[in-house]
Amino acid sequence: MKKIIAISFVTATMLSHGLNASEEVIVSGAYAPNTVKVAEVSKEVVVSKKAPVVKKEAKKVVVKNSNEDLAAEIKNLKKKIKKLDKKLNVVKAHDAYDNIKFSVDFRNSVDNINYKYNSYKTKVNGAVEDWSGTEASNDSLFSTRLYLNMKSKPMDKLTFYGQMAMYGTWGGSHLAHDATLKDWSESSKATDAVFRVRQAFINWADTFGEDGLPYSLSIGRRQSSDGFLANHRENYDKPLSPLAHVTNMEVNGVMFQLNLEKYVLPGTFVKFVYGRAHTGGIETLNDLVGYKPYAQETDKDADINENVDFFVVLGSLYNDGQYNLMYENAMIIDTKGARTGTVKTGAPFDPTNPKSKKNKSLDAGTANLTALSLQVDGIGDEINDFLDNTTAFASVAMTNYDPDSGHQLLGSTDSERGTGYWLGATIPDMITEDGKFGFEYNHGSQYWTPITWAEDTAIGSKVAVRGDAYEAYWNFNLFGVKNLASQIRYTHIQHDYTPSIRCAGWVKPTAVDIEADDIRFFIRYSY
């Protein structure tokens, strides 16, 4: 009975003074209700039967000590978390710098194409054929294109970019043997199912001095297609480089860029590019003509199979996010053409003599190509959402082919100038969330000859048209998914002169009347 009374007394005392579960209560003796000990660590408070009061000082000490222990524990945990963060950052840095990042661009398309030869004569196996009044068509040209993109960054200033490309027709040849298929377009035209290197280059980005003039230097192979203005018709949000009005081809070269925004105008930069479009002497690799691998005689036929180099200057004059004015000038050295005389002897060409043949594919002169392009993203200043999401662009360009003495370019011994202009706009489709309708118009004169042979159009480069080209398209995301960019596009080309569809500096643009139409639908998956 005394034991029960003692325990009840202790319980009542705890409740009356707010003792919590962390405080320890000790009952001394089985029948000793007169002595109750309340202790925390080494502290002990004695409560007598006559004065059953727990001193407040003891409780205060307990709370204080408990807070100090909690603070110490939190401090210790913070140190451990900080150490873990450091280790995690090391892992992240290793993951970012010690791996190659992959992404894919996978597109399937179908084209319905048709050609009307209202007035056209061409050579087939050396004989002239008249195709006037005939047509050619393909109601379902299926193709698959796969880009496998690579990127690695071993350090902050150094980056590697790579891209493998496969672009083939369904049921096509396993390996294309088209003589017109060149190194600068073989990954951009629908051919076979072979993977080719479309892009592979390193880029070093730094500044001159601490926080000085930013620059970048790169070397290797670039796709140099789908550039400024062409990205709209290909349903890409951002353009690549350079200006698509005069250049759309895969190139190998060296690029040096200066970002001048801090010193000139918003968005200003300039690029200097040197590259090689054709390597002469390569046919002697397997000593088919004696021992001279990768070389050729310098004292004989010096204009045959020389290296073809190019030098390009391009950049942006002004770009504030709404207005972007860009420029480009490209010079091609030793571009292909023909002699004015016959093979080797240089004697006048005699069409009645079967042994008298013109020279073709010779290094015949210099070409210069210049373009000035303006794009406006958003019409006016926040007039309404429709105009804010409208893009308009315009471009003017010129090509000039200047043959060397005794040679001809574009079938002429004189310097021939061609001009072209390009107008276009994209507007919200008012149907889908991000969809847009696009409209474009191109015009080119008789001698207009840009290097756009890698342009992704089944009926040839519409930008290089010597005549007029009209185009309308609808860009949208299939099922509303951004990873499934899609397009329905119609292109009509009216050729008034020989179509410029390949590197053919010796072909004279003569009057023709050819109509070409292409209806394309594609679905592109990207991730």
Side-chain angles (χ1 to χ4, degrees), residues 1-103 149-160 203-212 214 237 259 261-262 321 382 433-434 480-483 526-527:
M1 185 66 180
K2 290 181 178 180
K3 184 176 180 179
I4 295 174
I5 295 173
I7 293 174
S8 300
F9 174 75
V10 172
T11 302
T13 302
M14 291 174 62
L15 293 173
S16 63
H17 292 280
L19 297 179
N20 55 46
S22 66
E23 300 177 68
E24 183 180 354
V25 179
I26 302 174
V27 179
S28 300
Y31 301 96
N34 294 333
T35 305
V36 180
K37 296 181 180 180
V38 180
E40 171 66 23
V41 191
S42 61
K43 304 290 182 179
E44 186 177 277
V45 180
V46 180
V47 182
S48 68
K49 183 177 179 181
K50 295 181 179 179
V53 179
V54 179
K55 293 184 179 180
K56 294 181 179 181
E57 290 76 12
K59 186 176 180 180
K60 288 181 179 180
V61 172
V62 171
V63 174
K64 181 179 180 181
N65 289 342
S66 178
N67 287 342
E68 288 177 349
D69 291 343
L70 182 59
E73 184 68 19
I74 292 174
K75 186 176 181 180
N76 186 40
L77 288 173
K78 286 182 177 179
K79 289 182 179 179
K80 291 182 178 180
I81 292 173
K82 191 174 182 179
K83 290 181 179 179
L84 289 174
D85 284 341
K86 288 182 178 180
K87 292 181 179 180
L88 185 59
N89 289 335
V90 172
V91 173
K92 287 181 177 180
H94 180 274
D95 180 65
Y97 293 135
D98 198 38
N99 291 279
I100 297 178
K101 306 294 184 183
F102 289 92
S103 63
N149 305 307
M150 298 166 280
K151 179 181 179 181
S152 64
K153 194 176 180 68
M155 56 187 297
D156 286 336
K157 299 177 182 179
L158 180 63
T159 308
F160 165 78
N203 187 75
W204 175 268
D206 201 354
T207 60
F208 290 108
E210 186 175 352
D211 196 32
D237 292 333
N259 295 322
E261 184 171 15
K262 294 194 300 183
E382 297 183 353
E433 183 177 355
D434 299 313
V481 178
K482 291 184 178 181
N483 302 87
S526 59
Y527 183 73

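Because only heavy atoms are used, hydrogens play no part in the values below, and waters and symmetry mates are left out as well, while side chains stay in.
Residues passing the side chain to side chain donor-acceptor pair (under 3.5 Å) test with K157, sequence neighbours excluded: D206. Residues meeting the side-chain contact (heavy atoms from CB on, under 4.5 Å) test with I74, sequence neighbours left out: L70, K78. Residues passing the ring pair (Phe, Tyr, Trp, His ring centres under 6.0 Å) test with F208, sequence neighbours excluded: Y215. In this structure N149 satisfies the side chain to side chain donor-acceptor pair (under 3.5 Å) test together with S103, Q163, sequence neighbours excluded. Scored by the salt bridge (charged side-chain N to carboxylate O under 4.0 Å, His left out) test, D211 finds K262 as partners (sequence neighbours excluded).
We find the NZ-CZ distance between K101 and F160 to be 15.0 Å, quoted to the nearest 0.5 Å. Interatomic distance, K482 NZ to E433 CD, rounded to the nearest 0.5 Å: 7.0 Å.
Contact record, S152 with N99: CB-O, 3.6 Å, taken as the closest heavy-atom pair.
K82 places no side-chain N or O within 3.5 Å of a backbone atom of D85 that could act as its donor or acceptor partner.
Within the 4.5 Å cutoff, side-chain heavy atoms of T159 are placed close to those of K151.
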